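Below is one structure, written out as structure tokens; comments come after it.
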Amino acid sequence: MTRGILIAGNDCALSRAIETETIKRVEQFASAIIPNRISGTAKNQSQETGRLPLEWNPSSPISARTLAIAAENRLERIDEAILICSPPSIRNSAADLSLSDVDLMINDQIKGWFFLVKELAVLFRIRKHGTLALVYPDIAGTGKDDIIDILGPSALASFRAFTGGLLAAAGNEPYITMGFYTTDAGNEAAFAAYIFKSLEEIKKGSNGKLHKFGKFHFFR
């Protein structure tokens, strides 16, 4: 039976790098990518060969359940679920924020993760098998003359805190939970390779660990 890999996250260079790394290991994988719907954001979704695209509306708990079931049906089983949070930037002052953009950021980059993780956790707990990998960038912001992004970092902080809570509780679950973050902007391909190396070399004590990848990182 082939290895079942589900990738879910927003459309970004990091998700595309992880998809490229995934196809080196399996012929097909399931992918639920949130399109960039923030006003003025360019769209550049992956067209990786072997990608089985699945529909996902992050704001809907029913959609999260449907996604988990659909991924398991298409793959036969889910061995690894890789969730990637890298929110798009919205560089407006507080007074100029678009209310629709605020709603999209909350639905796509905050609420959606809670709904999806719940469904995957239920599935992994029933199967007593699976690895949940939570991935995000942790990269310094802009220079002093740039308009500060006040929404993207807030959404990312929520995901980072959520990851910390899941890692802290990992020892009580029958599946593996791992966190990964990078401080190295523009090195998505190497970060993706590091994530898979870590997933494929899970050792005793790996469960509940947060792994950092940065410019001074060396492979183990």
Side-chain angles (χ1 to χ4, degrees), residues 7-21 31-46 56-61 63-64 82-117 132-168 177-195 209-217:
I7 296 171
N10 57 290
D11 187 13
C12 62
L14 180 53
S15 65
R16 291 190 288 274
I18 289 174
E19 289 194 343
T20 298
E21 197 66 29
S31 178
I33 299 299
I34 309 166
N36 285 337
R37 300 185 289 169
I38 301 299
S39 53
T41 305
K43 296 173 175 58
N44 188 25
Q45 191 159 316
S46 168
W56 177 32
N57 175 8
S59 66
S60 167
S63 181
I82 304 174
L83 311 187
I84 308 147
C85 181
S86 182
S89 297
I90 303 178
R91 300 193 184 282
N92 287 326
S93 65
D96 294 327
L97 285 175
S98 160
L99 297 182
S100 62
D101 284 351
V102 173
D103 276 342
L104 284 172
M105 185 67 79
I106 293 171
N107 287 335
D108 289 357
Q109 304 300 332
I110 298 179
K111 285 172 60 177
W113 297 120
F114 290 96
F115 294 150
L116 183 56
V117 167
L132 180 64
L134 300 114
V135 180
Y136 60 91
D138 190 7
I139 296 165
T142 61
K144 63 181 180 179
D145 296 328
D146 293 332
I147 299 174
I148 300 299
D149 175 13
I150 60 177
L151 286 188
S154 299
L156 187 59
S158 172
F159 186 83
R160 185 165 52 237
F162 187 36
T163 297
L166 291 170
L167 295 175
T177 303
M178 301 172 72
F180 298 90
Y181 73 98
T182 180
T183 58
D184 196 356
N187 201 11
E188 289 84 4
F191 182 38
Y194 169 71
I195 290 169
K209 296 299 183 183
L210 181 62
H211 301 262
K212 176 184 176 181
F213 181 87
K215 63 175 62 177
F216 298 113
H217 174 85

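These numbers come from a predicted model, not from an experiment.
Side-chain contact between I33 and E19: present, with at least one pair of heavy atoms (C-beta onward) separated by less than 4.5 Å. Put simply, the side chain of I106 reaches to within 4.5 Å of the side chain of K111, judged on heavy atoms. Side chains of F180 and K212 form no contact here, defined as non-hydrogen atoms less than 4.5 Å apart. D149 places a side-chain heavy atom less than 4.5 Å from the side chain of P153. F213 places none of its side-chain heavy atoms less than 4.5 Å from the side chain of Y181. In this structure the side chain of L166 reaches within 4.5 angstrom of the side chain of V117, judged on heavy atoms. Residues Q109 and I34 have side chains in contact (heavy-atom distance under 4.5 Å, counting atoms from C-beta outward). Looking at heavy atoms from C-beta onward, L97 lies in side-chain contact with I150 at the 4.5 angstrom threshold.
In this structure, I110 and S158 approach most closely via the heavy-atom pair CG2-OG, 3.6 Å. Among all heavy-atom pairs drawn from L116 and A8, the shortest one is CD2-CB, 3.8 Å. The two residues P58 and N107 make their nearest non-hydrogen contact at CB-O, 3.5 Å.
Considering only residues two or more places apart in sequence or on other chains, T182 meets the side-chain hydrogen bond (donor to acceptor under 3.5 Å, both in side chains) condition with none of them. For the ring pair (Phe, Tyr, Trp, His ring centres under 6.0 Å) test, residues two or more places apart in sequence or in another chain that qualify with W113 are W56, F159. The side-chain hydrogen bond (donor to acceptor under 3.5 Å, both in side chains) search around S60 returns none, not counting sequence neighbours. For L156, the side-chain contact (heavy atoms from CB on, under 4.5 Å) partners at least two apart in sequence or on another chain are C85, P87, Y136, P137, R160. Contacts of K209 classified as side-chain hydrogen bond (donor to acceptor under 3.5 Å, both in side chains), with partners at least two apart in sequence or in another chain: none. For D103, there are no side-chain hydrogen bond (donor to acceptor under 3.5 Å, both in side chains) partners, not counting sequence neighbours. Residues forming a side-chain contact (heavy atoms from CB on, under 4.5 Å) with A13 (at least two apart in sequence, or on another chain): R16, E188. Scanning for ring pair (Phe, Tyr, Trp, His ring centres under 6.0 Å) contacts around F115 gives an empty result, with sequence neighbours left out.
With rounding to the nearest 0.5 angstrom, the OG atom of S98 is 11.0 Å from the CE atom of M105. Taking CG of L134 as the reference point, atom CG of L167 lies at 7.0 Å (rounded to 0.5 Å).
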Test I18 against I195 for side chain to side chain contact (heavy atoms under 4.5 Å, CB included), laying out the working first. CA-CA 9 Å; I18 289 174; I195 290 169; 4.0 Å; yes
Could you go step by step and tell me if S15 and N10 meet the side chain to side chain contact (heavy atoms under 4.5 Å, CB included) rule? CA-CA 7 Å; S15 65; N10 57 290; over 6 Å; no
